[in-house]
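To start, the structure itself, in C-alpha cells.
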Amino acid sequence: MNTNTLFRTALRRGSLAAIVALALATAGCSTIEKVGNTIGGTVGRAVSGAARVVSAGQQAYESGQFDSKDEYHVGRAAAAQLIQQYGLFKDDQAVAYLNLVGHTLVTFSDSRAQYAGYHFAVLNSNEVNAFACPGAFIFVTRGMLRLAATEDELAAVLAHEIAHINGRHAVKSIDDSRFKDFLAVMLKEGARQVNAGQLADIGVQMTGDVVKTLTVAGYSRELESEADTKGVAILRDTGYDPNAMIALLTKMDQTLTPSSAGFGKTHPDTKDRIADARKAVGSTLPKPTVRERQARFDRSLALSRSK
Amino acid sequence: MKHRRLLCTAAVIAGLSAGVAVAKEMQVQVRKTEVRDSPEIMGNVIGELGLGERVNTLVDTKGAAFWKVESLVRTRVIGWIRPSAVSEKKIELTDSGGSAKSVSDLEAAMAGKGIAGGEEKYVQTHNLQNAQAILNQLEADPLTKISVQDIRTFITEGRITQGGN
C-alpha cells in the first residue's frame, strides 16, 4: 500500500490522528510542524495551533496509537529484566508499607491512570538505587532503604520515581526511530493482527532502550531535575516534609561517587540536583520528626534494611 | 420563524461558551478504574469500571482532575473518574460470533498482539520466564492493592497533614 492509499484510507476512516502521524512518520523523526494542542482534535485546531517540535513518540502517544497498555507491556519486560538482575526481596511487611507510602503519594500527585495500577517492591541489592519502569512498576533496592532514615526520606525516593512515571521519562528514552517504525506499521489495515511479528520486534527494541536507560545510561540531567522538582511538589501536596528530598540527596552526595554502582553511575551530579531541590523547596522550614511515623518506618523496614 | 431560529442559534452559542458539556461516548482503557462520589482525591469510591466498558461523559472539562461519567453497561454507575482512564479509541467488545467479551477475554484476545507480543519475545530471548512469573505474583499480591480507606487510615496514623505539619 503506497502513501497515497494510506492517506485515503485514513481519510475514509476519519482518523485525523492517523493522517498527522503518517505525515510525520514520512517526514522524519523530529519535525517542526503546525499542530493543535491535541492531535485527535478537529482539522481547524490542527492547522491553527502553535508551532512546536513533534517527535514520532509524541505522535504515537497523542494519537492514541501507543497507549497505556503498550507502555505497560514494555514496562513488564523491563521489570522482568530488573528482577532477573537483582532478585526481588521477599518481605511482606516492607511490600505492604512501600505500597501504602507509594499509593498515598500517587493519590496526591497528578498521576495519569495506569493500565494495571502502581506496584512497589524491594530489590535484593546493596546498591543505592531505585527504578521506575513504564506501566508503573517501581523498585527500591535494600541499599536505598538503608540510606533513607525516615518515612519522609523514603517518600522522597518514591515521589521522585512517581514523577518519572508521570512524565513518561522511560518511554521518552526510547529511540524515536522505534516509534517511527511503529506508526508506519500501525497505519496498515488490521495492523495488530497482520503485523504482530513486526510489532513484537519493535516492542523488543523499545524494551532494550528502556533497560539501557534504567541500568546503564541513566536519564538526562533535565529529566532528573524535573523528577526532583516534581517529587518535591508531590511531597508537599501529600503532607510530607519537602526538605526530605534535600536531606536524601545530600546523603547520596556524601555516600556515592560517579564510580559507585547503581544510582551513582546512572544519575547526574548530586550537587546540581541538591541545588535544584533547594530551589523547589524554597523557604519551607524542615518539619520535626513525627514519632508514630518513625516507629512504623523502623518496624516495617527492619528486615529489608538489615545488613 | 426566523426569530425562533436566531434564538435557538443564540442559545446554542451561549451554551457552548458557558462550557455546557455534550455527552461523549468513551471506553475505559485501563484494567479497572474507581468511580468516586465527588471530584476529590479522597472522595468515596462508589463503584468500579472495567477495561473496554463504555461510558458517557457528563462533565468533561479539559484539564480537570476528574470527569463525571455514566456507565452505558451497568445501571446506576454514575460518578467521577480520572480522565486518563478513558479514551475515544475503540476497544473491540465482541468476538467474531458477536458475543460480548469479558475483561479477561479482552486481555486474552490482545495477548501476544502488537507490543504485548514484544514482551513475550523479550522474555523468551533473555530467558526471563522465572522473573516474569515473579512479576505476575507481585501484580496479583493483595499487599500491592491499596484502597482509599487504607490511605485515610495511613495518613491519620502517621499524622500526615496536607498544608501543614
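Sequence lines set the chain letters: A, B, ... in the order given, protein chains first and strands last, and positions in each chain run from 1. Values below: all heavy atoms of this structure, side chains included; hydrogens, waters and symmetry mates excluded.
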Checklist entry - So do A:V95 and B:D141 actually touch side chain to side chain, heavy atoms under 4.5 Å? => result yes

Checklist entry - Is there a side chain to side chain contact (heavy atoms under 4.5 Å, CB included) between A:Y118 and B:I146 once you walk through the steps? => result CA-CA 10 Å; A:Y118 275 78; B:I146 307 294; over 6 Å; no

Checklist entry - Rounded to the nearest 0.5 Å, how far apart are CZ of A:F137 and OG1 of B:T144? => result 9.5 Å

Checklist entry - Do B:I155 and A:F108 come close enough that some side-chain heavy atom pair is under 4.5 Å? => result yes

Checklist outcome for this item: Bottom line for A:L88: the part with an atom under 4.5 Å from chain B's heavy atoms is side chain

Checklist entry - So what's closer than 4.5 Å to chain B heavy atoms on A:R112: side chain, backbone, both or neither? => result both

Checklist entry - Do A:V74 and B:E119 touch side chain to side chain, with heavy atoms closer than 4.5 Å? => result no

Next on the checklist: I'd like to know whether B:V30 forms a side chain to side chain contact (heavy atoms under 4.5 Å, CB included) with A:S68, so could you lay out the CA-CA distance, the side-chain angles of the two residues, the decisive distance to 0.1 Å, and finally the verdict.
Outcome noted: CA-CA 7 Å; B:V30 295; A:S68 63; 4.2 Å; yes

Checklist entry - Taking C-beta and beyond as the side chain, do A:R76 and B:Q132 meet within less than 4.5 Å on heavy atoms? => result yes

Checklist entry - Has the side chain of A:E292 got a donor or acceptor atom that lies under 3.5 Å from a matching backbone atom of B:E157? => result no

Checklist entry - Heavy-atom distance under 4.5 Å to chain A: side chain of B:N127, backbone, both or neither? => result backbone

Checklist entry - Is the NZ or CZ atom of A:R293 both under 6.0 Å from the centre of the six-membered ring of B:F154 and within 45° of that ring's axis? => result no

Item to check | Check: A:Q114 and B:R31 side chains under 4.5 Å, non-hydrogen atoms | outcome: no

Item to check | Side chain / backbone / both / neither for B:A85 at chain A, heavy atoms under 4.5 Å | outcome: both

Checklist entry - So what's closer than 4.5 Å to chain A heavy atoms on B:E139: side chain, backbone, both or neither? => result both

Checklist entry - Side chains of B:L138 and A:F139: closer than 4.5 Å at any heavy-atom pair? => result yes

Next on the checklist: Rounded at 0.5 Å granularity, tell me how far NZ in B:K121 sits from CD in A:Q205.
Outcome noted: 9.5 Å

Item to check | Full working for side chain to side chain donor-acceptor pair (under 3.5 Å) between A:Q81 and B:Y122 | outcome: CA-CA 9 Å; A:Q81 182 77 70; B:Y122 189 90; 2.7 Å; yes

Checklist entry - Given that the side chain runs from C-beta out, which part of A:D92 has a heavy atom under 4.5 Å from chain B: side chain, backbone, both or neither? => result both

